[in-house]
Amino acid sequence: MTTTSPAWYRSAVLIGGRWRDCPDTVDVENPATGEIIGRAAVATEADAADAVAAAQSAGALWGRSTAAQRGTALAGLAQRLRERRADLVAATVAEVGAPVTVAEEAHIDLAIAIIDAFARLAAETPLHEKVGNSTLARRPAGVIACITPWNYPVYQLAAKVGAALAAGCTVVVKPPEITPLGTYLFCDAVQETDLPAGAVNLVPGRGSVLGPALIAHPGVDVVSFTGSTAVGRQVGAQAGALIKRACLELGGKSASVVLDDADLPTAVRATVASAMLNTGQTCSAWTRLLVPRDRYDEAVAVAAEAADALRPGDPAERTTDLGPLVSKAQLDAVRTMVDEAVARGARVAAGGTAPVEGFPGGHYHRATVLADVERGDPITREEVFGPVLVVEAHDGDDDAVELANATEYGLAGAVWSADVARAESVALRIDTGQVDINGAEFNVHAPFGGWKTSGLGRELGRAGLDECVEWTAVQS
Ligand code: NAD
């Protein structure tokens, strides 16, 4: 069922605490139906420049705030977001197509937990530390340009804005073109807090126009970008030429490594759940399943059964496991990658590219498991960003590590074993930013980010806060 709300029809940018109307707007589509459910402003480069100036002027005040003031303001923001939880969830269901249970837990509750975590961290993080004869001052880096992707728009925003405000910085937010509504609602919540006007500014619009304009602006001190590796390269190159810090959170192709003493069915089912979460549009999803060669057929069968059991449906329904992909373009890209893998010899153990019946106008793709691919096949190395898991065989721990590392990415991963010490030792040989042992929980305090082409820098926790800090060491 299509839902919409007057709060989803927006035509303004937020600059210096005031909403300012833009002549140009863009429609927002519900990917489950193709219907228009909202609208967002298309800001200009001049709007972006005004937003940076507003952030600079708010920074003059916020940059001098105490740790306690930062903690209190962020706790207030978390509370305002909690009050708007139902609206944030509804917008996420409608614009991303995330099933409502996923929108609640993985998008909105996690975003609120992150702001809560930064509230505590802001209050606890010393602005000055003594090291020998030095006083180390953590000083706000200044204005952070926050550029976010469409797959987890509110979560990504929380990670960036939480870290920046905790460090005493101010921000200009450039949300994704196709899923801007949750960001508007987040900014409505900001407007109800005691943060100084201009601490958070919002300029929705075209990334190819606003991104380069923000990065080039002399008033922007740090660029915090989450998105594709292709655009991340451009952002990094532009920022690098200006000697401007760029934190890049990019793509992934993470392996779930099942060792020979693991509970294989549990590991396989959890890996399918990770690969298909948010319809596979999760940067840290485990999209490769590496299993002992002598249990390969069993693993493929369990994975196929788990994938087939996922129910596609209206994302607003609690019984839905699998929503649509975010756009027709994304659906076409995923289909092409699956068809190409099959043309190279991959066996479709579940799913495939045949249309999902019953959702006219929706961008649905079947939960797909691919088997019997050649070692090193592109489908084992390249990010698909859709509900597609590839199963590969390994010949022991050393081989599993070599296989897991045989990709240009290094964002996340998993290791499964009855022996946690053995699993930890394998985990520490995988060149990746996060590894979960036996399905351990996500930790909002742990640094999140990538090795290799998965990015530069870290979000979340003290490491995330320190991406927004400049240090001055004073010796006496
Ligand atoms: P994208 O790179 O197309 O866009 C990301 C953002 O960059 C958007 O806001 C876009 O408008 C903007 N943009 C476009 N051109 C730009 C330019 N030249 N300069 C600056 N900004 C520009 O990515 P997407 O398709 O929105 O998101 C999907 C990608 O994001 C996937 O590859 C996924 O793995 C990645 N991702 C990574 C993480 C992580 O933490 N590592 C998290 C979520 C998503």
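Whatever order the structure lists them in is the order used to number ligands and atoms, beginning at 1. Predicted model only: the values in this text are computed from it and were never measured.
- In this structure, a donor-acceptor pair under 3.5 Å is absent between the side chains of Y409 and S254.
- Taking the charged nitrogens against the carboxylate oxygens, E124 and R462 have no contact shorter than 4.0 Å, which rules out a salt bridge.
- Of all protein heavy atoms, the one lying nearest to atom 12 (C) of ligand 1 is I147 CG2, 3.7 Å.
- Note on ligand 1: P176 sits in its first shell, one or more heavy atoms being nearer than 4.0 Å.
- Those atoms of ligand 1 that come under 4.0 Å of a heavy atom in Q234, given as number and element, are 18 (N).
- For H107 and Y155, the distance between ring centers is not under 6.0 angstrom.
- Checking only distances, G227 does come within under 3.5 Å of ligand 1, N or O to N or O.
- Closest approach of A98 and P315 over heavy atoms only: O-CB, 3.5 Å.
- The two atoms that bring T453 and R233 nearest to each other are CG2-NH2, 4.0 Å, heavy atoms only.
- Within the structure, the closest approach of F385 to ligand 1 falls below 4.0 Å when heavy atoms are considered.
- In terms of protein heavy atoms, atom 7 (O) of ligand 1 is closest to F225 CE1, 3.1 Å.
- When each atom of ligand 1 is checked for a heavy atom of L411 under 4.0 Å away, the hits are 41 (N).
- Heavy-atom proximity to V235, at under 4.0 Å, picks out these atoms of ligand 1: 19 (N), 20 (C).
- Taking 4.0 Å as the cut-off between side-chain N and carboxylate O, D116 and R120 do not count as a salt-bridged pair.
- Of the listed residues (V28, V326, T183), just one forms a side chain to side chain contact (heavy atoms under 4.5 Å, CB included) with E95, and that residue is V28.
- A salt bridge links R288 to E392: one of the charged nitrogens lies within less than 4.0 Å of a carboxylate oxygen.
- For atom 27 (O) of ligand 1, the closest heavy atom belonging to the protein is P149 CB, 3.3 Å.
- Of all heavy-atom pairs between R344 and I379, the closest is NH2-N, 3.7 Å.
- With a 4.0 Å heavy-atom cut-off, ligand 1 is reached by the side chain of Q156 but not by its N, CA, C or O.
- Inspection of the S224 and K160 side chains reveals an N or O donor paired with an N or O acceptor under 3.5 Å.
- The shortest N/O to N/O separation between W150 and ligand 1 falls below 3.5 Å.
- By the 3.5 Å distance cut-off applied to N or O atoms, T226 is not counted among the residues near ligand 1.
- Interface of G251 with ligand 1, defined as ligand atoms under 4.0 Å from a residue heavy atom, comprises 34 (O).
- Under 4.0 angstrom from ligand 1, the non-hydrogen atoms of E383 all belong to its side chain.
- At a 4.0 Å cut-off, at least one heavy atom of S208 sits close enough to ligand 1 to count as contact.
- The closest protein non-hydrogen atom to atom 41 (N) of ligand 1 is L250 O, 2.7 Å.
- Looking at G207, G211, P180 and measuring to atom 16 (C) of ligand 1, the nearest heavy atom belongs to G207.
- Taking a cut-off of under 4.0 Å to the non-hydrogen atoms of E177, the atoms of ligand 1 that pass are 10 (C), 11 (O).
- Protein heavy atom nearest atom 42 (C) of ligand 1, with residue, atom name and distance: C283 SG, 2.8 Å.
- With 3.5 Å as the limit, one finds no donor-acceptor pair spanning the side chains of T320 and D314.
- Taking 4.0 Å as the cut-off between side-chain N and carboxylate O, R85 and D109 count as a salt-bridged pair.
- For E29 and H363, the side-chain atoms include at least one donor-acceptor pair closer than 3.5 Å.
- Under 3.5 Å, the side chains of D47 and T44 contain a donor-acceptor pair of N or O atoms.
- When each atom of ligand 1 is checked for a heavy atom of N151 under 4.0 Å away, the hits are 43 (C), 44 (C).
- The shortest contact between atom 2 (O) of ligand 1 and any protein heavy atom is with S228 OG, 2.6 Å.
- The distance from ligand 1 to the heavy atoms of T148 drops below 4.0 Å at these ligand atoms: 6 (C), 8 (C), 9 (O).
- Residue contacts with ligand 1 for S284 are absent, since no atom lies close enough (heavy atoms, distance under 4.0 Å).
- Residue P175 places a heavy atom less than 4.0 Å from ligand 1.
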